[in-house]
Participant: 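Got a structure here, written out as structure tokens. Questions coming.
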Amino acid sequence: MAPSEIQVVLPDGSTKTLPAGATGADLAKAIGPGLAKAALAIRVNGDVRDLQRPLPDGVKVSILTDKDPQALDVLRHSSAHVLATAVRQLFPKAQIGFGPPIEDGFYYDFDIGRPFTPEDLEAIEQKMAEVTKQDYPFVREEVSRAEAKKRFTDDPLKLERIGDLGPNEVISVYTDGPFVDLCRGPHVPSTGRIKHFKLLHAAGAYWRGDERRQMLQRIYGTAWFSKQDLDQYITRLEEARKRDHRVIGKQLDLYSIQEDVGPGLILWHPNGAILNFELRRFIEDIILQRGYQLVYTPHVTREQLFLRSGHLPLYAANQFPAMAAGEGESEEVHYRVKPMNCPMHILVYASQQRSYRDLPIRLAEIANVYRNERSGTLHGMLRVRGLSMDDAHIFLREDQIEEEIFNLLDIVELVMGKTFGLQYRLDLATRPDKKLGDDRMWDVAEQALESALKRRGLTYRMDIGGGAFYGPKIDIKFNDAIGREWQGATIQLDYELPERFKLEYTGADNKPHRTVIHGFPDRAFRGSVSALAVAGAGSGAADLRRAARRGAGRA
RNA sequence: GCUGACGUAGCUCAAUGGUAGAGCAGCUGAUUUGUAAUCAGCAGGUUAAGGGUUCGAGUCCCUUCGUCAGCUCCA
């Protein structure tokens, strides 16, 4: 017989008995009218769900109100639906894509056959206000695959998504007033709960982020629980704009990028150059103290070298075209500007016999490299075509990996954390499907990276399958003053290059062994000095002004 | 690269298709007044480049260059 009652465990450990079939909303009501009014969603054994769903027996629950950060995601997800509701009313033929919550807001992708204009956004925002005023309840339904397909016959993008769903996945749809969306949920109880929102801007976005597919029009917005939060967020955006390194770089006369020279190529003016100089010296001091040896290698090399390293076939799109050198009678010899230093550092290592006693050998160079980045990705000093890369390649034995990474993480903290005060994040990227070498090798490498991270007591995110085909890596990412995320340094292991260049050392057993390389290229240190400083603390601009003045006085 | 917006004096910005302007900065002179704004005058432009429409183009159209925003935080 079916039990007529269920019990749930509240956050304080007490239990509550409810009739079978009771929902989160029922629970909130049972606890108190105040909570019933404030309740937005419910956490059931860690999963956030709608209040309207029946509660299973024996679960741990916690009712979410506007005080819970997870509720903010729910609010924003629901805001995205309100946005889509409004767009569908104004553009009945609009096709709908995805509409998730994101950090600080939400977006929704549409195809209306043309881009949205600023006037469209205003009209949509007004329509959204009407939708929230109507206070439509969000109604969840679980449907069969056939039913789902029927409901979205006019939405090819949704149909494609339905086709991707696994056979055992529950398909749910949410309705708010006139709008129905394929959606996993959860949502706030009704559209009236969304009060403080603003549309920010529209831009093109490829369907599923794939540039081979059609371009949709994405509308970004933000939503908050209180007007105060919303206003604060808008102020924060304005403040951040003032701290943009491109603005400060101009104000302080740090650098310029000029059309006559080319996009992404930086002219360091005296005020910026003195910062560049100091930073270079700072970095070089650190690495010399820590057992690195400086090397200098040419800016151009024979193309053949990048063929041997394997870079050219993969990387050619990001390299500047070859130049003919006219050596002798041969038309065949071409040269390339270097996009990275590894092949040349490897040749330094390989220039003589190495003993296991010599390892690790740490070769470092702050080198100018040039990459033909896609035009649309360029951004001030942070994404450029010519940069000074603080680069190092460490040649070591497999048993030395962990210790070396352990020490390297200390340098990262010293530079990014202690010196620049950056909030950075560590991602451990593990073996991808297509990879080089055997599983044992990957086991050793990944474990070494992970235990170095653990020994340092660092928190990190796993990026399963995110490693390069030639080895796992630790990516170091940070946010700039305007909140955008950038790739800082990368610590990566490379099993490919030692193989290609037959790098060896003589072991204690008097036999040759394959060397492991571990690279530490860092595009952020000097390619973007002021950007780093500005990206840092809120006081960045003031510090920089002082530094620039000192620099000017000195010159 | 793709989609969209944009490109006017060194900088920040004006100019219903009808003689390109202002503030700041610069230069000259006056002022000597205690720390972010003294006064007067002068100079500064092939309106990104090239083409087209028009009696007439900064403004409308096309091409190129550049800048800015976005381009899976997965229903």
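Model, not experiment: these values are computed from the prediction. Chain letters run A, B, ... following the sequence lines, proteins first and then strands; every chain starts at 1.
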Participant: Starting at atom CD of Gln258(A), determine the distance to atom P of G10(B), rounded to an integer number of angstrom.
Facilitator: 12 Å

Participant: Looking at Tyr107(A), does the NZ or CZ of Arg218(A) lie under 6.0 angstrom from its six-membered ring centre and within 45 degrees of the ring axis?
Facilitator: yes

Participant: Between G58(B) and C2(B), how many Å separate the two P atoms, rounded to a whole number?
Facilitator: 30 Å

Participant: Report yes or no: do Thr191(A) and Asp135(A) form a side-chain donor-acceptor pair below 3.5 Å?
Facilitator: no

Participant: Work out how far the C1' atom of U33(B) is from that of C42(B), and round it to whole angstrom.
Facilitator: 25 Å

Participant: What does the B/S/- profile of nucleotides 2-9 of chain B look like, 5' to 3', with a 4.0 Å heavy-atom cutoff to protein?
Facilitator: BBS-----

Participant: When you compare the side chains of Gln232(A) and Trp224(A), does any donor N or O come within less than 3.5 Å of an acceptor on the partner?
Facilitator: no

Participant: Under 4.0 Å from OP1 or OP2 of A69(B): is there any side-chain N or O of Arg246(A) that close?
Facilitator: yes

Participant: Pick the C1' atom in U16(B) and in C73(B), then give their distance to the nearest Å.
Facilitator: 46 Å

Participant: Can a side chain N or O of Lys250(A) be found less than 4.0 Å away from OP1 or OP2 on G10(B)?
Facilitator: no

Participant: Using the C1' atom as the reference point in each nucleotide, state the distance between U28(B) and G66(B) in Å, no decimals.
Facilitator: 37 Å

Participant: Ala205(A) has a side chain; which of G1(B), G70(B), G66(B) sits nearest to it?
Facilitator: G70(B)

Participant: Using the C1' atom as the point on both nucleotides, what is the distance between A36(B) and U72(B), in whole Å?
Facilitator: 48 Å

Participant: Taking atom types as modelled and ignoring hydrogens, do the side chains of Asp50(A) and Tyr174(A) form a donor-acceptor contact shorter than 3.5 angstrom?
Facilitator: yes

Participant: Indicate whether the side chain of Ser256(A) and that of Gln258(A) have a donor and an acceptor atom separated by less than 3.5 Å.
Facilitator: yes

Participant: In whole angstrom, give me the gap between the P atoms of G52(B) and U59(B).
Facilitator: 14 Å

Participant: Examine C68(B): is either OP1 or OP2 under 4.0 Å from a nitrogen or oxygen in the side chain of His201(A)? Give yes or no.
Facilitator: no

Participant: Measure centre to centre between the rings of Phe110(A) and Tyr108(A), then say whether the value is under 6.0 Å.
Facilitator: yes

